[in-house]
Amino acid sequence: MRDREERKLQMLMAVQETVIVHGFAGIKVDELAKIMNVSRAKLYQYFGSKDAVITAMVQRYLDYVSAMTVPTEMRQPEAYTAAFPQMFSANVAYLGTTTAVFLRDLQQDYPQLYQKFMQARHAYEQRLLAFYRDGQASGFFMPELKPHLAVLQDKQVIPAMLTREFLLSSGDTVSDLINGYFDQVVRETVAPEYRVAVHQALAPGQFDRIIATYSRILMV
C-alpha cells in the first residue's frame, strides 16, 4: 500500500508543473500518461480517470496551502529578521504556482474544489496579515505599512513576474527577479534599522531551490 501511494505521488508531481503552466482544461488522458511516463492503462490503474488525477493533485495543493505556517505573536523585532526571508520564500513558492490559467480551469471545471482552494487561500492570507500586524507592533515593520496592501502586492506581482512572457520582455533571469523583488519588499516594509540584519539572516542559497524550480518550469 505504501509503495502504491508513493508511486501515485510521483505521478502527480510529474504532471503538476505542466498543469501549473498550461492548465488542465484541454489536456487528454494520453497526454497525462505521457508526462507521467506511464501507459494509459497504468494511469487508469492508479487513478481511474482524468478527474481523479486533477482532484488528487488539487487536494495535495490544498493540503500544502493549509499546512503553510506563518510565525506570529513574536514580541521582539529581532525575531522577524530570520522569519521574514523564510516567509518570503514560502510566499514565492506558493503564489508563483497559483497561475491565472490554473485558477480559471479550476473554477470552470471543478467549482467545489475551487471554492475549497479559495477558502484555504483566504485563511493563509489572514495568517500573513497577522504576521505583518504583529511585526508592525514590535517595530520591525514600518509604522506606515498597510498590511492589506503588502499582501495584495505579493498576490499581484509574484504570479505576474514569474511568467515566461515577463522574463523575456524584462531581460531578467528568475534569480534577478526573485532577489530583486526581495530587496524591494525589504525596502518598502522593513524599518530601516533592521534591513541590514534581514539580509544578513539570509541563509546561503536560500532562494536557490525556488529559482531552480521556476527556471525549469519556465524553461529559461
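Computation of the quantities below employed the complete heavy-atom set of this structure, encompassing side-chain atoms and omitting hydrogens, waters and symmetry-equivalent molecules.
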### Query
Quick check, are the ring centers of F141 and F131 under 6.0 angstrom apart?
yes
If you look only at distance, which donor and acceptor atoms sit under 3.5 Å apart when one is on a side chain in residues 199-210 and the other is two or more places apart or in another chain?
{"unit_1": "H199", "atom_1": "ND1", "unit_2": "R195", "atom_2": "O", "d": "3.1"}
{"unit_1": "H199", "atom_1": "NE2", "unit_2": "D183", "atom_2": "OD1", "d": "2.9"}
{"unit_1": "Q206", "atom_1": "OE1", "unit_2": "A203", "atom_2": "N", "d": "2.9"}

#### Entry: Check: F88 and D154 side chains under 4.5 Å, non-hydrogen atoms
no
#### Entry: L145 backbone acceptor or donor facing Q136 side chain under 3.5 Å
yes
#### Entry: Donor-acceptor pair, side chain of K155 and main chain of A150, under 3.5 angstrom
no
### Query
Any link between Y110 and L62 through a network of hydrophobic side chains (Ile, Leu, Val, Met, Phe, Trp, Tyr) touching at under 4.5 Å?
yes
### Query
Is the backbone N or O of M87 less than 3.5 Å from a side-chain atom of N91, with the two atoms forming a donor-acceptor pair by type?
no
### Query
Mind checking whether Y124 and Y94 have parallel, tilted or perpendicular rings, split at 30° and 60°?
perpendicular
### Message
Tell me every residue that passes side-chain contact (heavy atoms from CB on, under 4.5 Å) with K34, counting only those two or more places apart in sequence or in another chain.
### Response
none
### Message
Can you confirm whether K42 sits close enough to M36 that some side-chain heavy atom of one is under 4.5 Å from a side-chain heavy atom of the other?
### Response
no
### Task
Spell out, as yes or no, whether a donor-acceptor pair under 3.5 Å connects the side chain of S66 to the backbone of D63.
no
### Query
Would Q10 and E6 count as having a side-chain donor-acceptor pair, cut-off 3.5 Å?
no
## Note on the structure
For A212, the side-chain contact (heavy atoms from CB on, under 4.5 Å) test, sequence neighbours excluded, returns none
What pairs of donor and acceptor atoms, side-chain ones from residues 79-86 against any protein atom, are under 3.5 angstrom apart with sequence neighbours left out?
{"unit_1": "Y80", "atom_1": "OH", "unit_2": "M74", "atom_2": "O", "d": "3.3"}
{"unit_1": "Y80", "atom_1": "OH", "unit_2": "G135", "atom_2": "N", "d": "3.2"}
{"unit_1": "T81", "atom_1": "OG1", "unit_2": "E78", "atom_2": "O", "d": "2.7"}

### Task
Determine whether V186 and V196 fall in the same hydrophobic cluster, where Ile, Leu, Val, Met, Phe, Trp and Tyr are linked whenever their side-chain heavy atoms lie under 4.5 Å apart.
no
### Task
For Q76 and S138, indicate whether the former's side chain and the latter's backbone hold a donor-acceptor pair under 3.5 Å.
no
Let me check something: any side-chain donor-acceptor pairs from residues 100-107 under 3.5 Å, sequence neighbours excluded? List them with distances.
{"unit_1": "D105", "atom_1": "OD2", "unit_2": "F24", "atom_2": "N", "d": "2.8"}
{"unit_1": "D105", "atom_1": "OD2", "unit_2": "A25", "atom_2": "N", "d": "3.1"}

### Task
Side-chain contact test, heavy atoms from C-beta onward, threshold under 4.5 Å: evaluate it for V38 versus L32 and give yes or no.
no
### Query
Would a distance-only check, ignoring hydrogens and angles, find a side-chain to backbone donor-acceptor pair under 3.5 Å from R121 to K116?
no
### Query
Counting only N and O atoms by type, is there a donor-acceptor contact under 3.5 Å from the side chain of T97 to the main-chain atoms of A93?
yes
### Summary
Contacts of Q126 meeting side-chain contact (heavy atoms from CB on, under 4.5 Å) (sequence neighbours excluded), chain-then-number -> H122, L129
### Query
Tell me, do M11 and V53 make a side-chain contact under 4.5 Å, heavy atoms counted?
no
### Cluster overlap Y64 with M13, hydrophobic side-chain contacts below 4.5 Å
no
